[in-house]
Student: 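This structure is in structure tokens; I'll ask about it shortly.
Letters go in sequence order (proteins before strands), and every chain restarts at 1.
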Amino acid sequence: MSAAQDLDALYQEIILDHYKNPHGKGLREPAAAQRSADVHHVNPTCGDEITLRVHVEGEPGSERVADVSYDAVGCSISQASASVLHELLVGKTIDEAMNVHGEFLALMQGKGTVEPDEEVLEDGIAFAGVAKFPARVKCALLSWMAWKDATVQARG
Amino acid sequence: MSAAQDLDALYQEIILDHYKNPHGKGLREPAAAQRSADVHHVNPTCGDEITLRVHVEGEPGSERVADVSYDAVGCSISQASASVLHELLVGKTIDEAMNVHGEFLALMQGKGTVEPDEEVLEDGIAFAGVAKFPARVKCALLSWMAWKDATVQARG
Amino acid sequence: MISGLLPELEVIRKDFPILERTLAGGLPLVYLDSANTSQKPQVVIDTMVDHLERHNANIARAMHQLGAEATEAFETARDKVAAFIGAPERDEVIFTKNASEGLNLVANTLSFPGEHQLGPGDEVVITEMEHHSNIVPWQLVTQRTGATLRWFGVTDEGRLDLDRIDELINERTKVVSLTWVSNMLGTINPIAEIARKAHAVGAIVVVDASQAAPQLPIDLAAMPVEERPDLLVFTGHKVVGPTGIGVLWGSRAVLDTLPPFLGGGEMIETVRMEGSTFAGIPHKFEAGTPPIAEAVGLGAAVEYLGHIGLDAIHTHERAITGYALQGLATVPGLTVLGPLDPAERGGAISFELDGVHPHDVAQVLDSRGVAVRAGHHCAKPAHARFGVQSSTRMSSYLYTTPDEIDALVEALNYTRSYFKLG
Amino acid sequence: MISGLLPELEVIRKDFPILERTLAGGLPLVYLDSANTSQKPQVVIDTMVDHLERHNANIARAMHQLGAEATEAFETARDKVAAFIGAPERDEVIFTKNASEGLNLVANTLSFPGEHQLGPGDEVVITEMEHHSNIVPWQLVTQRTGATLRWFGVTDEGRLDLDRIDELINERTKVVSLTWVSNMLGTINPIAEIARKAHAVGAIVVVDASQAAPQLPIDLAAMPVEERPDLLVFTGHKVVGPTGIGVLWGSRAVLDTLPPFLGGGEMIETVRMEGSTFAGIPHKFEAGTPPIAEAVGLGAAVEYLGHIGLDAIHTHERAITGYALQGLATVPGLTVLGPLDPAERGGAISFELDGVHPHDVAQVLDSRGVAVRAGHHCAKPAHARFGVQSSTRMSSYLYTTPDEIDALVEALNYTRSYFKLG
Ligand SMILES: Cc1ncc(COP(=O)(O)O)c(C=O)c1O
Ligand SMILES: Cc1ncc(COP(=O)(O)O)c(C=O)c1O
């Protein structure tokens, strides 16, 4: 593939759309019955940062992701990835969400050899092209790592 | 020159003789009218060591090297060099001795290009071959550096 | 025509094998990341290969022929480095693993018991435009010793804010450590003036010459002693030398008073289980087997630069920087961070492009073969000063051509269109 | 015929270009100084050259293609080193500049505020047969912290004197740091047994594997955790790798609790002027631009050793050592310092020759093309233990042939006649 084609695979329209119109951006207060946890993650190499809050509700064992609110600065990939995360995980049970998380991680760390499952990842499949750019994988994973960290904390 | 010839130039008979029968070895007490100073020098690379005492006598301005006594452990080159130093410097005025010191230093640091002056260096000319072995120059200079250091101290 | 370019630029480029490489899609390499690391001329690589294939041995300790050759090569490299910076004495040149180790060595030995030991009430002064390697060591050491860390701010134009100099450098100041040339803003700092002030209050002056050594002629011996740094560091890989080697130069007077940093190897005079004594400089600060082949490579590198001439290299850098500043000014929405006059700055130019994050700029540029750096360039506080997280940085060197600058500008315009910025 | 030699010895020798060199007078090189530094196979040199000529860039920080290639090469080297020592986790492998830096890193971070900080009343235990690099850092650090330095003695046969082990390793012991294989006596120490004792009292176990890594198979993950060191260091240039690089391996559990050592570069998480936070391992301990080409070369080196097989190399070393001990026993007036059973020792053999100083032995040997080391081998206390200032040391490696041992023995006999020892 040429460099230009690789570039287009990286910057899919879906990614650029999410970048321009991010879903769920902003930090929100959790509702009364929700538990929440905040984390702050940075990508030390480039300085991208995210403050991410997970809002969890429901009984232990069947908790749901009530919301994921966040403040972030960073490149198109890291911003779009946070937006897609919001879209994909909010409303799911934590077990389901962890499963999606696992798939996304596998896709990103697959160096371009993993075939993404659109059923599970929806818009997230647009990130398949990122996996070929090792330096950008960290950008795509910033919010996902933060989400996992926060969720573990929120669950207690 | 072949390696064997270089070796013979290094280990001149004179050097081996001084090594086997070192002059002036042993630490002696200075006489009543003498000033003295002790120094301890080591060659950090190989561990050779010398404790050297200079005995100085006479009026400031015309002091003489009354004796150089020393205790030393080390290789043939360092031992022979201390012996030659004793032979050359004892009895000289300090100025004369410093002059000999300078000549010996120049010979050793000349990388084999300096022609030694037998008038000044006497048996010391046997060390001309050492100058071609950079690793051994430090051996030959151990006692000479110690002597200078001690003399500066003894003079006060 | 641009004046000041190196006359034999095409010949010089031929010395650097990597410049003939092509990238994905067969694109030629446009390497504009030399402030990050410079490329290596063939002579440096060949010198290291010859050393490894024919003269490899440990140094100082070995009495055999290979050992004598390796020792000679290593110590000759020290002479060459001493000549490169005009060191008053060759034994004042200490080989470290990089510039960062040099700065840490200084900070740590100033924290250990000794004549200069930092303590509560003492102040260390740095600047807001330092590389992390000249910030973090001082943070760690002032925290451990109870000394206070202070710093010069930066003006909107990217210069050191010297307004408060008399308050900042005062009788409590024990160390002033600053960069000669900023790796982010490109600013050339007035180190002579600052050294003079610092020396007047008895402080030790440490200069980070990591970005200066590649592009400014340095002649320490020629500096008036009040204006001369007491300690100066730079790194091999930015002066067309190998990785794994850096240089700490220090005046004998100061180095002799500093306690050893790392222990072991040839830094000793004698060792007993109960205690040890230490060698004189430079060995005192070179614990363990030094980077031997790397020193030999660095010797070849500074000799190579010396043959071309640091004055000529500096003029070339200035010409390219001026040309680049002009070119960048034509790109809509592009803002340069740092001084805009090429005479006042080095060859690293950081900038923002409205509406596109630096990573995305760098990525699109890379797809056109143009290699720049995006991020905080290990200068987060300097970025914070300008209210940005990161920036894109182009940096030239003696092999950079005006055509490469044109390629950058063209690629930046392409980036704007790629991200549909009209 | 000697059994145990590497089957393809002549082919292996062809991998090492320097072995084809001749010395003054056209003599072939008989290199018996591998414990000092090993020679480099062509594949290591070529890998470094390829890196410098085609993939050179700074790592981690660079987002362009060259940067991605360099980062990949560097991190792959880490994987290779992790495999070489069977590290439980690849991120536990930290690149230093040499073994000495690794030991100093450990000693210093144990002296800084933190969970393991040494203080008065605490004890650090080393041994009398350590290399200076595992003595001096502990002297410096115990002096600064008020902790007490203690040590195992050495028996007449050159083994660790374990009689007092229960007294030496006690509830005050915070660190036990010792060499796996002595570089002077050749002794292989019972590190498993000592680690077990040390762990039982809660001490941290540091193993200097500088001489072990070249010749013993190491599989950390396979060791029972009570017997596994917490920290282990070795140096690149002794495992057919380049100078300028060493390795510190540490268990994540311990490394995570140690504060950073050097500051700057990629070891940070975030930096503000007021304070900084730090990255996780391995980056936390890799300040500044690391020895990139050197890591890549080291990766090729350990892969090369792995292809030949450490078991096979160990067997070869033992065979050569046995043959050498036999040969040396035929030289009148020669006394070996250290264990005489090749199964209990590594390939470094130090000896005395009655009536000839080690320098003079080495010099005459060198005139015959035989390269050995003479001096204290950075182990002055071990020499003092045997009442000598210095010794002559031969040390073999995977490229050493029995013929070379014959040449050594012949040259030793010549030395005796040269100095007229009948
Ligand atoms: C046992 C031992 N420890 C430590 C070292 C130090 O290694 P380096 O000089 O590469 O730091 C050596 C080699 O010189 C050694 O043999
Ligand atoms: C100004 C400045 N200081 C220090 C450094 C650190 O150099 P190194 O990473 O080689 O230690 C750099 C380069 O990264 C730099 O630009």
Side-chain angles (χ1 to χ4, degrees), chain C residues 17-18 21 23-24 33 36-37 39-40 45 49 52-54 56-58 61-66 97-101 104 128 132-133 135-137 139-140 151 237 242-244 262-265 268 271-273 275-276 287-289 291-294 359 362 366 371 373-375 378 380-381, chain D residues 17-18 21 23-24 33 36-37 39-40 45 49 52-54 56-58 61-66 97-101 104 128 132-133 135-137 139-140 151 237 242-244 262-265 268 271-273 275-276 287-289 291-294 359 362 366 371 373-375 378 380-381:
Chain C
I18 208 168
R21 226 201 101 153
L23 301 172
D33 196 19
N36 199 355
T37 202
Q39 296 303 342
K40 320 303 173 207
I45 300 168
V49 168
L52 292 170
E53 288 187 354
R54 299 185 42 79
N56 174 66
N58 213 324
R61 324 160 162 191
M63 317 206 81
H64 44 69
Q65 291 170 59
L66 290 186
K97 72 171 171 178
N98 52 26
S100 303
E101 189 194 5
N104 279 276
E128 214 177 13
H132 294 164
S133 295
I135 299 176
V136 179
Q139 291 179 333
L140 294 172
W151 52 87
H237 66 93
T243 48
L262 307 184
I268 58 108
V271 173
R272 289 172 311 111
M273 293 309 282
S276 302
T289 301
I292 302 170
E294 292 68 26
H359 281 185
D366 185 50
R373 185 167 173 190
C378 298
K380 282 195 131 196
Chain D
I18 208 168
R21 226 200 99 152
L23 301 172
D33 196 18
N36 199 354
T37 201
Q39 295 303 342
K40 319 306 171 205
I45 300 169
V49 168
L52 292 171
E53 289 187 354
R54 299 186 41 78
N56 174 65
N58 214 322
R61 325 163 162 189
M63 316 205 82
H64 44 69
Q65 291 170 60
L66 290 185
K97 71 172 173 178
N98 51 28
S100 302
E101 188 194 5
N104 280 274
E128 214 177 13
H132 294 164
S133 295
I135 299 175
V136 179
Q139 290 178 334
L140 293 172
W151 52 89
H237 66 94
T243 47
L262 307 184
I268 58 108
V271 173
R272 289 173 310 112
M273 293 308 284
S276 302
T289 300
I292 303 171
E294 291 68 24
H359 281 185
D366 185 49
R373 184 166 174 190
C378 298
K380 281 195 131 195

Student: Within this structure, what is the CG-CG distance for the pair C:L23 and D:L66, rounded to the nearest 0.5 Å?
Tutor: 6.0 Å
Student: So, the side chain of D:T243 versus the backbone of C:A293: is there a donor-acceptor pair under 3.5 Å, distance only?
Tutor: yes
Student: Report yes if some heavy atom in the side chain of C:Q39 is under 4.5 Å from a heavy atom in the side chain of D:N56; otherwise report no.
Tutor: yes
Student: Between D:N98 and chain C, with a heavy-atom cut-off of 4.5 Å, which part of the residue counts as in contact: side chain, backbone, both or neither?
Tutor: side chain
Student: If I measure from the heavy atoms of chain C, does D:L52 come under 4.5 Å with its side chain, its backbone, both, or neither?
Tutor: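 Looking at D:L52, backbone and side chain both touch chain C.
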Student: When heavy-atom pairs shorter than 4.5 Å are enumerated against chain D, which of C:T37, C:V271, C:I45 gives the highest number?
Tutor: C:V271
Student: Once you round to the nearest 0.5 Å, how far does OG1 of D:T289 lie from NZ of C:K97?
Tutor: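 It is 10.5 Å, given to the nearest 0.5 Å.
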Student: Can you tell which part of C:A371 gets under 4.5 Å to a heavy atom of chain D, answering side chain, backbone, both or neither?
Tutor: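 It is both, since atoms from each part get that close.
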Student: Which bit of D:L140 comes within less than 4.5 Å of chain C, counting heavy atoms only: side chain, backbone, both or neither?
Tutor: side chain
Student: Nearest heavy-atom pair of D:G265 and C:C378: which atoms, and what distance?
Tutor: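 Closest approach of D:G265 to C:C378, heavy atoms only: CA-SG, 4.1 Å.
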Student: Could you look at D:R21 and say if it's the side chain, the backbone, both or neither that has a heavy atom under 4.5 Å from chain C?
Tutor: side chain
Student: With chain C, which of D:P381, D:A362, D:P242, D:P137 has the greatest number of heavy-atom pairs at distances under 4.5 Å?
Tutor: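 If we count pairs closer than 4.5 Å to chain C, D:P381 comes out on top.
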Student: Heavy-atom distances under 4.5 Å only: say whether C:R272 touches chain D with side chain, backbone, both or neither.
Tutor: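 Backbone only.
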Student: Under 3.5 Å, is there a donor-acceptor pair between the side chain of C:N104 and the main chain of D:L262?
Tutor: no
Student: What is the minimum heavy-atom distance between D:G288 and C:S100, and which atoms define it?
Tutor: CA-OG, 3.1 Å
Student: So which residue, D:I135, D:V49, D:V136, ends up with the most heavy-atom pairs under 4.5 Å with chain C?
Tutor: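 Answer, by heavy-atom pair count under 4.5 Å with chain C: D:V136.
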Student: Side chain to side chain donor-acceptor pair (under 3.5 Å) with D:S276: which of C:Q139, C:H132, C:K380?
Tutor: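 So the option named by the test is C:Q139.
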Student: Over all heavy atoms of both residues, which pair between C:H64 and D:D33 is shortest? Give the atoms and the distance, please.
Tutor: NE2-OD2, 2.8 Å
Student: Heavy-atom distance under 4.5 Å to chain C: side chain of D:I268, backbone, both or neither?
Tutor: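 Contact with chain C is through the side chain of D:I268 alone.
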Student: Could you have a look at D:H359, D:K40, D:E294 and say which one has the most heavy-atom pairs with chain C under 4.5 angstrom?
Tutor: D:E294
Student: Please check: side-chain N/O of C:N58 versus main-chain N/O of D:N36, any donor-acceptor pairing under 3.5 Å?
Tutor: yes
Student: Within the side chain of D:E128, is there an N or O that forms a donor-acceptor pair under 3.5 Å with the backbone of C:M273?
Tutor: no
Student: Please find the pair of heavy atoms, one from C:Q65 and one from D:A24, that lie closest to each other, and give the distance.
Tutor: OE1-N, 2.9 Å
